[in-house]
S.K.: 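Next up is a structure, given as structure tokens.
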Amino acid sequence: MQGLLGFFRTLGAARLGAMAAVTVTLVGVFGFLILRVTAPQMTPLFTDLTVEDSTAIVKDLERQGIVYELKNDGAIIMVARDQVARVRMRLAEGGLPKGGGIGYEIFDKSDALGATSFVQNINHLRAMEGELSRTIRSLDRVQAARVHLVLPERPLFSREKVEPSASIVLKVRGTLESQQVRAIRHLVASAVNGLKPERVSIVDEAGRLLADGASGEGDGEPVAHADERQAAYERRLRQEVESIVTSVVGPGRARVQLTAEFDFNRITQTSDQFDPEGRVLRSSQTREEQSTTSDGRDGQVTVGNELPGGQRPPAGAPAPEGQAPVQHDQSKKSEEIANYEISRTTKTEVIEGARVKRVSVAVLVDGSYAKGENGEVSYQARSAEEIQRIGALVRSAIGFDQKRGDQVEVVNLRFAEAPVTPISEATGWSSYLQFTKDDILRAIEWTVMGLLGLVVVLVVVRPLVRRILAPDEQAPLLGAPALVPAVAGNAPALADGMPPISNQTSKMIDIAQVQGQVHAQSIQKVGDLAQKNPHEAVAIIRQWLHESPL
């Protein structure tokens, strides 16, 4: 310890301060690097949070002792990547995030016995609005939603019933399609008893009216539906045609345009058909009549005819004297009436609108490219046979019908842009070198930290260490003559007029300094011993004085 303390004393205050500064700098730099490297990688826990949800989540995280970071004024909360799933499950257990609205959990902590019917109705309305808002926010492109329901009560002794209505304010990412807006209207109408889709109004965050709930289904609504059906049909056929053509010519080497004409008229047809062969007897009636007439009394006046109760002679009997014989006529009549049921077929056909009248398809395909021996890419047009085959595939894909006037045109032309070379996927060992964006950022961070540490070592630490290890330059004694003359030759003089010192002289000076330091240390040690042991020092000095010189 004596030697170590002596060594520190010989260093001096300047060197000790430099060593302390170097030590503190190294500890700080390497501590910072270690903390940055070992720090957990933060990832978003929730995004687009409201102030209420963010406050509740932060309070819960602090209670659990989980490290977190806030970004975008608290709208984004970030935690360590390995804790995301566990933290989300714990927060979901507590009902967080609530999404800025209250759902049916409002009844979990309420006192049902002490609540009035008015309070219960208000809570039920709030719960329905909150649940609908959460459901709408779960849809794509919907960032936030707020729902207002109007459920009027039916007045007493009134036959008229006021229909319920709803209004929705949406905050969307991008633009909602009309089909999505209509889906939201039907979703809300199906969740509320008695609510019709045409009574739902939808407004976006910019104040644009997406759906009008006051006018209902107007004249323009069916037209809009028809346009959507036509656009969907054209889009579906275009995708099918493009898919089958690109599988032949290559991805991105075909352009397809398709137009379909629709007939939106609704036609109702009723027809009756009778089958004469299919007769069925429904009823039958037969009638027979038989009558006998005598001609003796016709046109003759006799006593027998005039007498009351006069009898006619029987048939075949000779007539009385003086009387002409009587002639008898017999008639028989038969009548039959038959009623038949004839087979009858009544057919009513309702032909809805949106019937395809005509389909026109234009397909533009690029040629093939081949690389020559010199590395140049040459263009080759496709053969007529190949174009015909592509046309046959397109006609089969769209359901070509020549009677309705369908038209398909396939043309081969060179595209203006160069073909895109597909990137082959790595296989084998190279597949392990596929780095993600996070891996690249992490590697860049480590590289920057390493370069920073290297710069600190080279620029700060190395000069300080060299200064510590370098010997102190002793100033020449005042009044001492120059030890050696100037070096032979035309050596330049110093700024203060002193001649330059040679290397040998510098070595001699260094040796003298070392000897002087050792001598000074010896003297200092002797002085310390004398101060600590004064009686022994006095005895030694007296002994020296009494000793006779040699």
Side-chain angles (χ1 to χ4, degrees), residues 140-141 174-175 177-180 182-183 222-269 271 347-427:
D140 190 17
R141 296 187 182 179
T175 305
E177 298 179 359
S178 56
Q179 184 178 1
Q180 294 174 326
R182 190 167 64 254
V223 177
H225 293 176
D227 293 340
E228 291 178 4
R229 294 181 62 181
Q230 181 176 354
Y233 179 80
E234 292 177 351
R235 182 169 56 254
R236 180 177 61 84
L237 284 186
R238 187 182 303 111
Q239 291 176 355
E240 293 178 357
V241 172
E242 190 170 359
S243 175
I244 195 172
V245 173
T246 53
S247 62
V248 177
V249 300
R253 311 315 302 165
R255 301 293 184 270
V256 179
Q257 294 295 332
L258 187 143
T259 303
E261 297 181 7
F262 278 74
D263 184 7
F264 297 101
N265 297 325
R266 181 175 180 179
I267 301 174
T268 303
Q269 296 178 351
S271 61
K347 184 178 181 181
T348 302
E349 294 182 354
V350 178
I351 303 176
E352 296 289 345
R355 291 176 297 136
V356 180
K357 294 175 60 178
R358 183 187 177 189
V359 178
S360 301
V361 184
V363 181
L364 176 63
V365 296
D366 196 5
S368 58
Y369 295 85
K371 185 175 293 187
E373 297 179 355
N374 54 358
E376 295 182 358
V377 178
S378 61
Y379 172 80
Q380 296 180 359
R382 301 187 182 273
S383 61
E385 183 180 0
E386 189 175 1
I387 296 298
Q388 292 178 2
R389 292 180 179 178
I390 294 175
L393 292 175
V394 173
R395 284 189 289 270
S396 300
I398 67 172
F400 182 82
D401 189 357
Q402 189 175 3
K403 294 182 179 179
R404 68 184 181 187
D406 293 351
Q407 186 177 1
V408 175
E409 193 73 26
V410 181
V411 180
N412 175 215
L413 292 175
R414 183 173 182 177
F415 285 7
E417 63 272 12
V420 179
T421 304
I423 301 175
S424 59
E425 296 184 358
T427 58

S.K.: How long is the gap from CG on D366 to OH on Y379, to the nearest 0.5 Å?
M.R.: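 The distance works out to 5.5 Å.
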S.K.: Any side-chain heavy-atom pair from F400 and Q402 closer than 4.5 angstrom?
M.R.: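 Contact flag for F400/Q402 side chains = yes.
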S.K.: For R355 and I267, work out which heavy atoms get closest and say how close.
M.R.: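 Closest approach of R355 to I267: NH2-CD1, 3.6 Å.
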S.K.: To the nearest 0.5 angstrom, please state how far the CD atom of E376 sits from the OH atom of Y369.
M.R.: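 Output value for this atom pair is 14.5 Å.
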S.K.: Restricting to non-hydrogen atoms, name the atom on N412 and the atom on R382 that form the minimum distance, rounded to 0.1 Å.
M.R.: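 In terms of heavy atoms, the two residues are closest at OD1-N, 2.9 Å.
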S.K.: Checking E349 now: which residues fulfil side-chain hydrogen bond (donor to acceptor under 3.5 Å, both in side chains) with it, not counting sequence neighbours?
M.R.: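 Scan of E349 (side-chain hydrogen bond (donor to acceptor under 3.5 Å, both in side chains), adjacent residues dropped) gives K347.
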S.K.: When rounded to the nearest 0.5 angstrom, what is the spacing between CD in E177 and CZ in R182?
M.R.: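 One finds 10.5 Å between CD of E177 and CZ of R182.
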S.K.: Heavy-atom count around R236 CZ within 6.0 Å, excluding the residue itself: above 12?
M.R.: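 Enclosed: over 12 neighbouring heavy atoms sit under 6.0 Å from CZ of R236.
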S.K.: For G391 and V410, work out which heavy atoms get closest and say how close.
M.R.: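 Smallest interatomic distance, heavy atoms only, reads CA-CG2, 3.7 Å.
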S.K.: Say whether, by atom type as modelled, one donor and one acceptor occur between the side chain of T268 and the main chain of V350 under 3.5 angstrom.
M.R.: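 Between the backbone of V350 and the side chain of T268 there is no qualifying donor-acceptor contact (under 3.5 Å).
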S.K.: What are the two closest heavy atoms between R255 and R253, and how far apart are they?
M.R.: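 Reported closest heavy-atom pair: NH1-N, 4.3 Å.
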S.K.: Side chains of L258 and V359: does their closest heavy-atom pair fall under 4.5 Å?
M.R.: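 In contact.
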S.K.: List the steps and the verdict of side-chain contact (heavy atoms from CB on, under 4.5 Å) for V245 and V365.
M.R.: CA-CA 8 Å; V245 173; V365 296; 3.8 Å; yes
S.K.: Atom CD1 of I398 and atom CG of L237: how far apart are they, to the nearest 0.5 Å?
M.R.: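 With rounding to 0.5 Å, CD1 (I398) is 7.0 Å from CG (L237).
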S.K.: Between R358 and Q407, is there a side-chain donor-acceptor contact under 3.5 Å, judged purely by atom types and distance?
M.R.: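 Side chains of Q407 and R358: pair found under 3.5 Å.
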S.K.: For the CD atom of E234 and the OG atom of S360, what is their distance to the nearest 0.5 Å?
M.R.: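 Answer for the CD-OG pair, E234 versus S360, is 10.0 Å.
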S.K.: Say whether, by atom type as modelled, one donor and one acceptor occur between the side chain of Q230 and the main chain of A260 under 3.5 angstrom.
M.R.: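 Checked: pair present.
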S.K.: Search all heavy atoms of V249 against all heavy atoms of A254 and return the closest pair with its distance.
M.R.: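 V249 and A254 have their closest heavy atoms at CG2-CB, 3.9 Å.
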S.K.: Measuring from atom CD of E386 to atom OG of S368, what distance do you get when rounded to the nearest 0.5 angstrom?
M.R.: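 Interatomic distance, E386 CD to S368 OG, rounded to 0.5 Å: 7.5 Å.
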S.K.: Tell me which pairs pass salt bridge (charged side-chain N to carboxylate O under 4.0 Å, His left out) where either residue lies in residues 396-405, with sequence neighbours left out.
M.R.: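 Listed once each, the pairs are R404-D406.
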S.K.: Looking at V408, is its backbone amide N or carbonyl O close enough to the side chain of R395 to form a donor-acceptor pair, meaning the two atoms are under 3.5 Å apart?
M.R.: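 No, the answer is negative, given that no donor and acceptor are paired below the 3.5 Å cut-off.
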S.K.: With sequence neighbours excluded, give me every side-chain hydrogen bond (donor to acceptor under 3.5 Å, both in side chains) pair touching residues 241-251.
M.R.: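 As it turns out, there is no side-chain hydrogen bond (donor to acceptor under 3.5 Å, both in side chains) pair with a partner in residues 241-251 once direct neighbours are skipped.
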S.K.: With a 4.0 Å cut-off on N to O distance, would you call D263 and K357 a salt bridge?
M.R.: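 Answer for the salt bridge query: no.
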